[in-house]
K.L.:
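Dropping the structure in here first, questions after.
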Amino acid sequence: MIGVAIGLGNIWRFSYVVYSNGGGAFFIPYFVAIAIMGIPFLILEYSIGFSFKRSFSEILKKINPKFEFIAWILIFSISIVLMYYMVIISWDLFYIRSSLSFGWGSDTALYFVNNVGGTENIRTSQTSSSLLEYASS
């Protein structure tokens, strides 16, 4: 679950965070954080899976039978998050297809409302630049 959230956060916001925190200088704390937190958790996850060679719910049940319920809650939560990711990935594929022909034209807010999904309130009450400010907050 943590890996999914971190992975999407890196894809979504990485370029914005690099730009707002001084460009290339951001790579130093980024790689330090990956070395200190990311790699050890990845090794821990792989080693638990390798040691038990079972499903997640069976692993937690073997550690302590009370933990099996927690495993099923996590599996359900991950399924919900993956449904959300499928929508985001479909938007990405839609935008990639549109970018090949510059299909959005000059009014990107109108394109979003008509083709991707949104409300008329977005188009009438905000300009394209204010939409970008809203999305970055």
Side-chain angles (χ1 to χ4, degrees):
M1 184 79 166
I2 292 172
V4 173
I6 291 171
L8 183 66
N10 277 329
I11 291 169
W12 244 353
R13 296 195 57 196
F14 183 72
S15 59
Y16 169 75
V17 172
V18 167
Y19 174 75
S20 20
N21 290 314
F26 180 72
F27 281 114
I28 296 168
Y30 181 75
F31 287 129
V32 168
I34 287 176
I36 291 174
M37 296 293 291
I39 294 172
F41 278 123
L42 179 69
I43 293 169
L44 176 68
E45 184 178 347
Y46 285 161
S47 62
I48 289 174
F50 182 77
S51 298
F52 287 96
K53 293 181 178 63
R54 300 185 190 281
S55 68
F56 186 58
S57 61
E58 291 177 4
I59 289 172
L60 289 184
K61 184 178 180 181
K62 191 170 181 181
I63 293 172
N64 186 344
K66 295 178 185 177
F67 292 163
E68 185 179 12
F69 181 71
I70 295 171
W72 286 110
I73 290 174
L74 288 173
I75 290 170
F76 179 73
S77 300
I78 290 170
S79 300
I80 299 294
V81 169
L82 287 177
M83 286 184 227
Y84 173 72
Y85 284 176
M86 284 189 274
V87 171
I88 301 239
I89 289 171
S90 68
W91 284 350
D92 291 340
L93 295 174
F94 185 79
Y95 286 135
I96 289 171
R97 185 177 56 104
S98 297
S99 70
L100 296 175
S101 65
F102 298 103
W104 51 81
S106 61
D107 190 3
T108 55
L110 179 64
Y111 178 79
F112 178 79
V113 169
N114 290 337
N115 297 310
V116 178
T119 64
E120 288 293 321
N121 296 337
I122 292 175
R123 186 170 56 95
T124 57
S125 67
Q126 296 176 335
T127 63
S128 298
S129 62
S130 63
L131 279 175
L132 292 175
E133 292 171 7
Y134 176 75
S136 66
S137 61

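The figures here come from the full heavy-atom set of this structure, side chains too, leaving out hydrogens, waters and symmetry mates. Remember, it's a predicted structure, so these values are computed and weren't measured experimentally. Heads up: numbering here begins at 1 and tracks the sequence.
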K.L.:
Measure across Ala71 and Ser57 and return the closest heavy-atom pair with its distance rounded to 0.1 Å.
P.N.:
CB-CA, 3.5 Å
K.L.:
For Lys62 and Phe52, what are the C-alpha separation, side-chain angles and deciding distance, and is it a side-chain contact (heavy atoms from CB on, under 4.5 Å)?
P.N.:
CA-CA 9 Å; Lys62 191 170 181 181; Phe52 287 96; 3.6 Å; yes
K.L.:
Can you confirm whether Lys66 is buried at NZ, in the sense that more than 12 heavy atoms of other residues, nucleotides or ligands lie under 6.0 Å from that atom?
P.N.:
no
K.L.:
Could you state the interatomic distance from CD1 (Ile78) to CD1 (Ile73), rounded to the nearest 0.5 Å?
P.N.:
12.0 Å
K.L.:
Consider only side-chain heavy atoms of I, L, V, M, F, W and Y, link residues closer than 4.5 Å, and tell whether Phe69 and Phe56 are in one cluster.
P.N.:
no
K.L.:
Transitively linked via ILVMFWY side-chain contacts under 4.5 Å: Phe67 with Ile75?
P.N.:
yes
K.L.:
Let me have the donor-acceptor pairs involving side chains of residues 34-48, under 3.5 Å, with sequence neighbours excluded, atom names and distances please.
P.N.:
unit_1: Ser47; atom_1: OG; unit_2: Ile43; atom_2: O; d: 3.0
unit_1: Ser47; atom_1: OG; unit_2: Leu44; atom_2: O; d: 2.9

K.L.:
In the structure I gave you, are the side-chain heavy atoms of Glu68 and Leu60 within less than 4.5 Å of one another anywhere?
P.N.:
no
K.L.:
Whether the side chain of Lys53 engages the backbone of Phe50 through a donor-acceptor N/O pair (distance < 3.5 Å, no angle test) should be reported.
P.N.:
yes
K.L.:
Same cluster or not: are Met83 and Phe76 linked, directly or through other Ile, Leu, Val, Met, Phe, Trp or Tyr residues, by side-chain heavy atoms under 4.5 angstrom apart?
P.N.:
yes
K.L.:
For Val87 and Tyr84: C-alpha separation, side-chain torsions, deciding distance, then whether side-chain contact (heavy atoms from CB on, under 4.5 Å) applies.
P.N.:
CA-CA 5 Å; Val87 171; Tyr84 173 72; 5.6 Å; no
